[in-house]
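These notes are about the structure you will find just below.
Here is the naming used below: chain letters follow the sequence lines, and residue numbers restart at 1 for every chain. Quick note: numbers below take in every heavy atom, side chains included, and nothing from hydrogens, waters or symmetry partners.
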Amino acid sequence: MIEVEHLTKSYGRGNAVSDISFKVNKGEIVGFLGPNGAGKTTTMRIITGYLPATSGTARISGFDVAEQSLEVRKRIGYLPETPPLYPEMSVHAYLEFIARIKGVATADITNRTNYAMEATGLLERKDDLIKRLSRGYKQRVGIAQAIVHDPDVVILDEPTNGLDPNQILEVRNLINRLSGEHTIILSTHILKEVEETCQRVVIINKGRIVAEDTPQNLSKQRAGSERTHLLIRGDEAAVKAAIGTIEGIHSIEAKDKEGLLDVTVENQAGTDLRSQIAARVVTSGFELFELRSESLSLEEVFRQLTTEEKTEAAS
Amino acid sequence: MKNIIAIYRRELGSYFVSPIAYSVIGVFLAIVGLVFYFGMFSRIITDVMRYRMQAMQSGQAGDIDVPLILLQQLMGFAATVSLFMVPMLTMGSYAEERKRGTMEMLMTSPLTELQIVLGKFFSGLTLYILLIAPTLVFNLYVAKFSDPSFPWRILWSSYLGLVLLGAVLIAIGLFISSLTENQIVAGVVTFAVALMLWIINIFASDAGTTTGQVLQYLSVIRHYEDFTRGVIDTTSLVFYLTLTALGLFLTWQSLNSMRWRRA
Ligand SMILES: Nc1ncnc2c1ncn2[C@@H]1O[C@H](COP(=O)(O)OP(=O)(O)O)[C@@H](O)[C@H]1O
Ligand SMILES: [Mg+2]
């Protein structure tokens with residue numbers, strides 16, 4: 001449904017997006033996860049034909065977004081980062097206008113606007129002027145305009161950005177309800193968001209894809225790992241060599257801390273290696289001052305994947 | 001066509017809920033009305049005096065066509081007020097669209113840029129026609145009491161000129177609005193450009209030279225004066241329509257390049 005291949009976008013100096021490739025299959029909900037400035041909006045603008053790519057291709061339903069832009073635009077619903085609203089219009093007049101310019105047949109316009117308002121819970125506010133709506137309701141109007149013409153693909157750029165927790169929950173439920181009927185790609189910088197709504201997650205950082213999997217697998221793979229902190233007196237290379245041979249260890253990092261070595265060991269979850277590590281440290285002749293263990297939360301997985309120094313250690 | 005109509009209707013609808021449209025129409029009619037009511041009489045009195053003087057010197061009595069003077073005065077004044085009012089109507093058209101992020105929605109909809117340009121232009125022109133239409137009332141009032149008979153031909157040719165003039169100003173205003181996100185900047189620049197086209201003939205001190213002739217030709221108001229004398233000159237028609245088309249074409253290019261300039 002969506003095929004992105006080797007997409008690169010440069011705004012002049014440096015790449016905002018570098019060599020991104022991913023696919024979204026029909027009916028899937030895919031989350032595009034990354035910190036601010038990662039390149040999510042840029043990627044979505046390219047997919048929607050709003051921005052040209054510097055190199056690489058993107059196709060929607062087989063149509064190239066640059067070469068066959070009009071065909072692509074017929075098939076997408078897009079909620080930009082700021083909902084594109086006309087504040088002086090009423091909700092239903094606005095949605096009727098959108099339906100018209102998105103090519104909905106005149107006979108279907110009433111049906112489609114009603115459908116969109118029903119799906120987004122806007123029916124009882126249909127005659128309200130958009131400028132009188134709360135932020136959460138404005139966001140719903142933004143989502144309604146993205147689905148009013150029954151597009152093949154729905155692209156939502158940070159649909160819950162700036163909403164309060166209740167509103168976030170509402171929008172999340174709304175997206176879940178839409179999931180059966182549309183192929184959806186949504187971006188967010190909040191991990192929880194994708195965990196609860198998406199079937200697949202693409203994590204992007206500094207314009208590059210750093211991980212791509214189901215939320216379950218990502219949690220298992222990474223959040224499942226455990227960390228052990230040690231405070232040791234000894235030579236860094238020797239310590240690393242000694243501990244590194246223990247089975248089940250993913251990575252070892254060490255830095256100096258007030259004359260001692262602050263060592264962080266990452267290992268597979270469920271395998272408690274603390275006693276083994278302690279034994280190895282002591283038998284190798286180092287002094288052990290402290291040893292404690294902690295689990296990686298999902299937040300940390302995300303942080304780990306999106307902070308540069310740690311990306312290298314983790315991969 | 002369906003798309004152009006959709007844009008046209010939304011745009012016109014927005015005009016009529018915006019305070020700007022109502023203030024512009026209100027101010028326009030108030031100024032034209034006041035000038036009509038007070039200004040005209042003093043003008044006629046001075047004209048009468050002048051004719052009397054001439055008559056005394058030459059020994060023959062000249063006739064004064066009061067209805068014609070009234071009509072030409074009013075239409076001349078309506079054109080001048082348009083110069084100030086049209087920038088206020090057009091300044092927000094694209095600038096606001098860009099600022100509110102609705103441009104991104106339009107550009108990712110299955111619309112062509114030309115459809116957006118035409119929809120917006122015709123809604124602006126419609127509003128302009130609604131703006132000047134009430135001045136007909138003043139003229140019809142004059143026509144009712146007119147003696148000698150009212151110069152109908154001049155009335156219609158003047159209105160044709162006024163609409164064509166408006167089309168030029170709107171096309172220019174929309175183009176400038178498409179260049180910026182700031183509608184105040186758009187309004188001020190539009191006014192400045194329109195004013196330039198208005199008074200450019202002042203710089204043509206010597207109409208004999210080629211430059212002088214070009215500058216004369218470029219003066220928007222000189223062509224308009226033809227219309228208010230009942231002359232529908234092809235050169236003037238071509239001039240207005242060309243300028244309008246040029247403004248629309250530039251707007252179209254501006255939207256096209258917007259898609260690629262963001263690079
Ligand atoms: N119009 C632009 N001109 C120049 N740089 C831009 C522009 N838009 C975005 N960028 C840069 O590109 C990078 C990616 O931005 P963006 O796609 O908006 O990220 P995200 O949506 O993930 O927060 C950022 O470093 C940002 O500063
Ligand atoms: Mg963004």
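If you measure heavy-atom distances from B:E96 to chain A, you find no contacts under 4.5 Å at all. Contact of B:I7 with chain A is made through backbone and side chain together, with heavy-atom distances under 4.5 Å. Interface remark: A:I76 contributes side-chain atoms only to the contact with chain B (heavy atom separation under 4.5 Å). A:E81 does not touch chain B: none of its heavy atoms, backbone or side chain, sits under 4.5 Å away.
In plain terms, the two heavy atoms of A:Y78 and B:E104 that are nearest each other are OH-OE2, 2.6 Å. In this structure, A:V104 and B:K2 approach most closely via the heavy-atom pair O-NZ, 3.0 Å. For the residue pair A:P84 and B:T102, the shortest heavy atom distance occurs at C-CG2, 3.5 Å. The minimum heavy-atom distance linking B:M103 with A:Y50 is given by the pair O-CE1, 4.5 Å.
Other residues, nucleotides and ligands contribute at most 12 non-hydrogen atoms within 6.0 Å of the CZ atom of A:R208. Other residues, nucleotides and ligands contribute over 12 non-hydrogen atoms within 6.0 Å of the CZ atom of A:R75. The neighbour count for A:K23 NZ, taken as heavy atoms of other residues, nucleotides or ligands under 6.0 Å away, does not exceed 12. At most 12 non-hydrogen atoms from other residues, nucleotides or ligands lie less than 6.0 angstrom from CZ of A:R132. Counting heavy atoms of neighbouring residues, nucleotides and ligands inside a 6.0 Å radius, atom CZ of B:F16 exceeds 12 of them. Heavy-atom neighbours of A:E118 CD from other residues, nucleotides or ligands within 6.0 Å: at or below the threshold of 12.
The backbone N or O of B:P110 lies less than 3.5 Å from no partner atom in the side chain of A:R73, so there is not a single donor-acceptor pair.
The CZ atom of B:R9 lies 4.5 Å from the CZ atom of A:R100; values are rounded to the nearest 0.5 Å. Between the OH atom of A:Y86 and the CD atom of B:E11 there is a distance of 7.5 Å, given to the nearest 0.5 Å. Within the model, atoms CE of B:M107 and OG1 of A:T48 stand 11.0 Å from one another, a figure rounded to the nearest 0.5 Å. With rounding to the nearest 0.5 Å, the separation of NZ in A:K74 from CG in B:L111 is 11.5 Å. Here OG1 of B:T108 is found 11.0 Å from CG of A:L51. Values are rounded to the nearest 0.5 Å. With values rounded to the nearest 0.5 angstrom, A:I98 atom CD1 is found 7.5 Å from B:L106 atom CG.
Ranking A:P87, A:A93, A:G77 against chain B, the residue ahead of the rest is A:P87, based on heavy-atom pairs under 4.5 Å.
Comment: B:R10 engages A:E88 in a salt bridge, judged by a side-chain N to carboxylate O separation of less than 4.0 angstrom.
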